[in-house]
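The structure displayed is predicted, hence computed values, not measured ones. Counting from 1, the numbers follow the sequence of the chain as shown.
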Amino acid sequence: MSTTAVDQRLYSVADWYDAEALLTHDERTVLGRLRNFLDAEAKPLLAEYWERGEFPEQLAQPLIDLDVMEPFDEAARGIYHGFRIFELARTDASLATWYTAQAGLFRTAIRVGASEEQQREWMPRVVDFSLKGVFSLTEPEHGSDIAGGLFTTARYEAGVAGEAGGTGADGGTWVLDGAKRWIGGASTADVLCVFARDVADGQVKAFLVDRQAAGVRLEKIHGKTSLRMMQNAHITLNGVRVPEAMRLHNVNSFKDVAAMLRAMRSDVAWIATGIQAGAFEAALAYVRERQQFGRSLGSFQLIQEKLARMLGNITASLSLVVRLTEQQGWGIYRDQDSALAKMQTSLMMRETVALAREVVGGNGITLAADVARFHADAEAVYSYEGTHEINALIIGRALTGDSAFTR
């Protein structure tokens, strides 16, 4: 195994798993560059901005300029994308969520939902962030039941090509009404990828809505105790007009949306794994330095047992997400696979961050010890892209052939 400085920095937490062997030299070099930036530029800001409930906007453009979404001449491998998420999340859950809002959610919406012509136009701009977007699915009254409970509507108005106000290839326009909630990064996006139910056929469609279009109103969600740096919005859509050309032409039912969610659950499983690594590293550094009863806190048997359990959870989580990423690289996308990875890594994440806070003692509830952020932010990650219960029912349906979802 390589013993360069970059390799040691990147994989000290994962050396039990031999993560080094999974990535190429070029991939490790790019991830090392990302790690150096996060350690030097991001970490010193996190406690202050977390407490303020604000995103450190001064990090946004430098993160984009690192060019870590697609840094190679050929398409980046899935395992690279996974470890990029891992690196971001082991620094901060909000940073990982902010970046994957573009590199994961929005990019997946375009990759799966856009026509070939639309992809040729939009995908290069998604990769270089010149077209920033967010995935707007969840609604104020509908989260877990969004498949059947999506209330935002889309109504088509045909037009005449070339007439004043005509917008699509045939001059047609869609009119959207409704609301979306918990949409992270909406306030700085160029477009909102809004999912709405077509009143004509009852099927779900998707639209790229200009954030500043008439009838769009964004409100910041205040009072959060988790992911405080991530700016989540409540979005109201009142008679918002969208040209047919801005509809994602390959989204014609919720089945098409479900295809996107399979990939997104995988990203969240990587986030949950990275959060565990960050909490573990912070706790380990603390107990090595802290003195109690005249000796190092890390020398006590009960502390070492908790550290061992935390590392076991991280290693098991890496096993799940790496295997899932390999499967998806072979073209195998199954709901139960991504649901299992998201469910189990999030469950282990909850235990790992709790153990990290526990070994740090009273200081574990302060931002100074660098554990409290992970402990609090884990609660949001535990719930988004499918709660524990929803993912368990997806797995149960695959196991038994019977759906236990409430109808």
Quiz prompt | Shortest non-hydrogen contact from Gln118 toward Ala245 | solution = NE2-O, 3.3 Å
Quiz item: Are Leu248 and Val112 close enough that some pair of their side-chain heavy atoms sits under 4.5 Å apart?
Solution: no
Practice problem: For residues Ala179 and His234, report the shortest heavy-atom separation together with the two atoms involved. | Solution: CB-NE2, 4.1 Å
Exercise. Taking only Lys NZ, Arg NE, NH1 and NH2, and the carboxylate oxygens of Asp or Glu, determine whether Glu117 and Arg120 approach each other closer than 4.0 Å.
Key: no
Quiz item: Strictly by modelled atom types, are Ser94 and Tyr49 linked by a side-chain donor-acceptor pair under 3.5 Å?
Solution: no
Quiz item: Should Asp335 and Arg265 count as side-chain neighbours, where that means a heavy-atom distance under 4.5 Å?
Solution: yes
Exercise. Mark yes or no for whether Asp370, through its side chain, and Ala282, through its backbone, hold a donor-acceptor pair below 3.5 Å.
Key: no
Quiz prompt | Residue pair Ile64 / Gln61, side-chain heavy-atom distance below 4.5 Å | solution = yes
Quiz item: So, Asn238 side chain and Gly215 main chain: donor-acceptor pair closer than 3.5 Å or not?
Solution: no
Quiz item: Parallel, tilted or perpendicular: which fits the ring planes of Phe86 and Trp270, with parallel below 30° and perpendicular above 60°?
Solution: perpendicular
Exercise. May I ask you to decide if Val353's main-chain N or O and Gln276's side chain share a donor-acceptor pair within less than 3.5 Å?
Key: no
Self-check item: Check: Thr100/Asp267 side-chain N/O donor and acceptor closer than 3.5 Å
Solution: no
Quiz prompt | Close side-chain approach of Arg247 and Val242, heavy atoms under 4.5 Å | solution = no
Quiz item: Would a 4.5 Å heavy-atom cut-off, applied to side chains only, mark Leu46 and Thr91 as touching?
Solution: yes
Practice problem: Cation-pi check, Arg350 to Tyr382: give yes when NZ or CZ is under 6.0 Å from the six-membered ring centre and within 45° of the ring axis, no otherwise. | Solution: yes
Quiz item: Is a donor on one side and an acceptor on the other found under 3.5 Å between the side chain of Thr325 and the backbone of Val321?
Solution: yes
Quiz prompt | Whether Gln328 side chain and Tyr333 backbone form a donor-acceptor pair below 3.5 Å | solution = no
Output a table of donor-acceptor pairs, distance under 3.5 Å, between side-chain atoms of residues 182-196 and any protein atom two or more places apart or on a different chain; print 'none' if there are none.
from	atom 1	to	atom 2	distance (Å)
Thr188	OG1	Gly185	O	3.4
Asp190	OD2	Lys132	N	2.7

Quiz item: So, Glu351 side chain and Met310 main chain: donor-acceptor pair closer than 3.5 Å or not?
Solution: no
Quiz item: Less than 6.0 Å separating the ring centroids of Phe374 and Phe280?
Solution: no
Practice problem: May I ask you to test the Trp174-Glu244 pair for a side-chain heavy-atom distance under 4.5 Å? | Solution: yes
Exercise. Side-chain contact test, heavy atoms from C-beta onward, threshold under 4.5 Å: evaluate it for Met246 versus Trp122 and give yes or no.
Key: yes
Quiz item: Who passes side chain to side chain donor-acceptor pair (under 3.5 Å) against Arg228, sequence neighbours left out?
Solution: none
Could you list the donor-acceptor pairs under 3.5 angstrom formed by side chains in residues 67-76, with sequence neighbours left out?
from	atom 1	to	atom 2	distance (Å)
Glu70	OE1	Ala76	N	2.9
Glu70	OE2	His81	NE2	3.3
Glu70	OE2	Arg107	NH2	2.4

Quiz item: Where the side chain of Glu139 meets the backbone of Phe151, is there a donor-acceptor pair that is under 3.5 Å apart?
Solution: yes
Quiz item: Backbone N or O of Ala269 within a donor-acceptor pair of the Lys342 side chain at under 3.5 Å?
Solution: no
Quiz item: With a 3.5 Å cut-off and no angle check, do the side chains of Thr24 and Asp26 form a donor-acceptor pair?
Solution: no
Self-check item: Side chain to side chain, Leu59 and Trp98, heavy atoms closer than 4.5 Å
Solution: no
Quiz item: Got a donor-acceptor contact below 3.5 angstrom from the Lys224 side chain to the Met230 backbone?
Solution: yes
Practice problem: Compute whether any side-chain donor of one residue and acceptor of the other, for Trp50 and Asp92, lie under 3.5 angstrom apart. | Solution: no
